[in-house]
Each structure stands twice: as structure tokens, then as C-alpha cells.
Amino acid sequence: VARAIFEKWELDFAVVGRTTDSGRMVLKMGGDVVADLPIDPLALASPEYDRPWTKAPEPMPTPTILPGDDVSPIDMLRRLLAKPDLASKRWIWEQYDHMVMADTLGSGRPGGGAAVVRVHGTKKALALTTDCTPRYCKADPVEGGRQAVAEAWRNLTAVGAQPLAITDCLNFGNPEKPDIMGQFVGCVEGMAEACRALDFPVVSGNVSFYNETEGRAIPPTPAIGGVGLLDDARGAVTLAFGEAGQALILIGDTRGHLGASLYLREIEGRDEGAPPPVDLAAERRNGDLVRALITDGLIAACHDLADGGLAVAVAEMALAGGMGAALEVAADGIPLHAWLFGEDQGRYLLSAADPAAVLARAGEAGVPARRIGVTGGSELTVGASHAISLSDLRDAHESWLPAYMATP
């Protein structure tokens, strides 16, 4: 099979050896043995890389944040969607055949949590994603490492795929500095916890150190690449709203966590506080439910909640489908801005034609779920007082594109 693939794409290749159970590495040249080495001294007695390191300091608590009465949540959303973290990347993917010979499934357009690509000759498809939130890792390396793996797992789950494995690219500053080495240790510990809890093994990866300019290190960035499998590609869902009148259902607990959030950084101009805690048992429980609902055809659209929280997720779903939605505020004592922009983990936003069935299944699984709105129209509305048209949302999302495209 491998030979046929290489020949199909006219790639040079050669068979250079075979595996054995001898416990030795034997090298030959012209039929003569030129080296015969035992493997154990290399595999079992290799030196360990163990530099001195210091544990990252505990993040400061996030103080209560009360925006001014004259600040509209719609204005906050507009501002967030225009920031580089969330702004449209259309100018990048339009330069490439993003349909990839019609093998990219779903909407065929980037922007969701994971890409879905058919497996030729079968009904199956692979889901692929990459993710990391460096500001979380900087605030708390262990929690940030957990979150990077958990979000990759959620991205795959949100399209209906069973997460299989990850690869990683661990990017850090100078490991000779104990604080930088401590970031690395913490992130790896958090990643390992999440991989074990989610049954999401690491199958490959690399480490890149000394990423500094004039002594200033990059934020700790353990980038996670995840792969998942759909047994039937026809069951994949996208984030796009596709039909008016469907219920919006929020899966997972909402506490309005704003520490280390995009809202805090971009709207309040601050960066203190701990990142949102990752409850790995809840991640597993919530995600397994969502995947089962997708498999059973009860979900029309799905998006995991991450940067920017609920408001950004619903905006991205509306823009992807060209259809508005009305959110019914269900903050339960949480300030509106925290309910909309908090980055609590383990959450998904779903659209469904049969909300009663979804809510019943969630109750049986012990998963928090509530109906918070409905799809339809050409606006995104929040309660009775706040609204923005899809055209204005799109203008904000792509506001930097015209100037960029005009640059020689």
C-alpha cells in the first residue's frame, strides 16, 4: 500500500530495512555487517534532560469587573470580532484550494473547530484540528496545558468525530532560565493529565526552545494537533445555522469566568487572573453526550465555546450560516457581560429541531443543558435591548481585510 501511494505521487522512496525481535541494530553495506549494536543501552540508559526549574507563581485572583452602563454588549462583541484572534482569516484560505479536490466535507469553508476530510474508498472521514491558548499557559502552565488538549478534543467532538490521538509542537523560550523551564514542565504535566483523562494519546511531536528576541521569550505555546474519526462522513455537522426556528441549547456549566480572557484583555485592557479551570471529568461527560447526539441525528449545528465565550460562538455560527439568532438571557445572577463573554470550559452551543429530546438526553447523562434562544432572521439579538445585523457583524469580522488587501 505504501509503495502504491509513493508511486502514485511520483515520490522517491527506498526500503532500507526491516524490524526484528533480536534487540539489536544491525547495519549492512554491500551485504557485509558494518555495525551490530544492542538497543537497550540507547533506549533504556540514555541521559535525561532535567534542567533546574521553578514553579510558576499562582495567578492573582480576577477582581470583579463591572463595565459602565453606557457600554453595550453589542459594541463589545463588535470590537472582539475585529481583533486578530477572532477576525476573519478569509484572505489566507482563499489563496488555497480549501476544498482540496472536493474532499473537504461540511460547508467546505474554514472557520469551524475542525476540518473534515473524506477517506477514499470508505464511508469514513477524518477530522483534523490544531489549538492552543498561550495566555492561559502563561497565567497557569498546568491549567493551560490541560486546556490546550481539552479544546482540541472538543473541536473534534463538535463535528461528530471520535477523538483518536494528538501530536504536539511545544514552543517555549530559553530553557536555561528556571522560570521558562518551569512553564515547560507545567504545560507538559497538564497535557499529560488531559490526555489520560480523555483517552487521547500523544503519538508524535516536537519541542522548540530558545524562542526569544533580545531576551524576551514568546508566551508558552504548546500547540496541539488532534485527529478524530467519523465512521460515516454523512453524519458530520458544521457550526453554521441552517434552518430558522431551531432551538439554541447551551451544554455545560456557565459561571462567567473572565480571568485571562479575551474580554479582559481587549475590552478592559488588563490581563490578570487565573485561566478558567478545566474539569476533565465534565469535559469527557459533556463531549461524549454531544458526540452521541450528533451520531443520532439530533443536532443540526454545533460549536464549542472558547475565545470570547458564548457571544462570539453564536456570532460565528450566525455568520457561517448567514442566519441570525435571538438569545434569551439566562444569566442566573451572573453579570450580562460575564455571561456573554466568560470563557468557562467544557461547553458547546447546539441548534436542534427537537430540543425536548436533546434536553432529556442531557438529563439522563447528568450534563448541564438549557435552552437559551432560537435561530432565524437577519440579526443577532440579546434579550430585548441589544441587536446587531449580520451585515454589521460581518463588517466587524472583516474590517481589517480591505486595508490589508489594498496594501502593495
Side-chain angles (χ1 to χ4, degrees), residues 48-63 85 129-155 165-198 200-213 215-226 255 257-265 270-284 304-309 342-346:
E48 294 185 359
Y49 188 72
D50 188 13
R51 289 191 179 276
W53 60 276
T54 57
K55 184 178 179 180
E58 292 293 327
M60 295 292 291
T62 304
D85 305 73
T129 188
T130 59
D131 225 309
C132 184
T133 310
R135 65 181 185 278
Y136 292 172
C137 297
K138 185 175 182 179
D140 185 333
V142 176
E143 206 69 74
R146 290 191 194 105
Q147 193 275 339
V149 172
E151 187 169 350
W153 194 85
R154 285 199 306 270
N155 288 341
I166 72 167
T167 184
D168 57 51
C169 181
L170 310 181
N171 306 283
F172 294 82
N174 182 353
E176 297 170 36
K177 299 176 180 178
D179 60 326
I180 299 295
M181 192 65 192
Q183 292 177 346
F184 177 74
V185 170
C187 285
V188 170
E189 288 179 353
M191 290 167 55
E193 289 179 21
C195 286
R196 286 191 291 266
L198 299 174
F200 203 24
V202 182
V203 296
S204 65
N206 64 50
V207 179
S208 176
F209 282 133
Y210 300 98
N211 295 288
E212 297 193 358
T213 300
R216 183 177 179 183
I218 65 166
T221 310
I224 303 298
R255 295 183 174 88
H257 189 100
L258 292 174
S261 66
L262 273 186
Y263 170 90
L264 188 66
R265 190 186 75 191
R270 298 152 60 180
D271 62 2
E272 72 267 35
V278 179
D279 182 335
L280 292 170
E283 289 280 1
R284 184 72 179 259
D304 76 300
L305 272 60
D307 289 346
E343 296 180 4
D344 307 280
Q345 298 295 293

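Here, residue 1 is the first one in the sequence, and each next residue gets the next number.
Remark: side-chain polar atoms of R284 are paired, donor with acceptor, to backbone N or O of A197 under 3.5 angstrom. E343 contributes a side-chain N or O that, together with a main-chain N or O of L262, makes up a donor-acceptor pair within less than 3.5 Å. Side-chain atoms of E272 do not come within 3.5 Å of backbone N or O of A260 as any donor-acceptor pair.
Distance check: N211 CG to L170 CG gives 11.0 Å after rounding to the nearest 0.5 Å. Taking CD from Q345 and CZ from R154, the interatomic distance works out to 4.5 Å, rounded to the nearest 0.5 Å. The distance from atom CG of D131 to atom CG of D304, rounded to the nearest 0.5 Å, is 7.5 Å. A distance of 7.0 Å separates OG of S204 from CG of D168, quoted to the nearest 0.5 Å. In this structure, CD in E143 is found 10.0 Å from SG in C137, a value given to the nearest 0.5 Å. Between atom SG of residue C195 and atom CD1 of residue I224 there is a gap of 6.5 Å, rounded to the nearest 0.5 Å.
With a 4.5 Å cut-off on side-chain heavy atoms, V185 and K55 do not count as touching. Side chains of W53 and P175 form no contact here, defined as non-hydrogen atoms less than 4.5 Å apart. E212 has its side chain within reach of K177: a pair of non-hydrogen atoms, C-beta onward, lies under 4.5 Å apart. In this structure, R255 and P276 have side chains that are not in contact, with every pair of non-hydrogen atoms separated by 4.5 Å or more. In this structure, P222 and M191 have side chains that are in contact, with non-hydrogen atoms separated by less than 4.5 Å. Annotation: side chain of F209 is not in contact with side chain of E176 (no heavy-atom distance under 4.5 Å).
Nearest heavy-atom pair across G226 and F200 is CA-CZ, 4.3 Å. In terms of heavy-atom proximity, L198 sits nearest to A150 at CD1-CA, 3.9 Å. Residues T221 and P219 come closest through the heavy atom pair OG1-O, 2.7 Å. A pairwise comparison of heavy atoms in N206 and C169 identifies OD1-SG, 3.2 Å as the closest pair. Counting all heavy atoms, side chain and backbone alike, R146 lies closest to G190 at CG-O, 3.3 Å. Taking each heavy atom of A274 and P59 in turn, the nearest pair found is CB-CG, 3.6 Å.
The number of heavy atoms from other shown groups lying within 6.0 Å of CZ (R51) is above 12.
With salt bridges taken as basic N to acidic carboxylate O contacts below 4.0 Å, one links R135 and D307.
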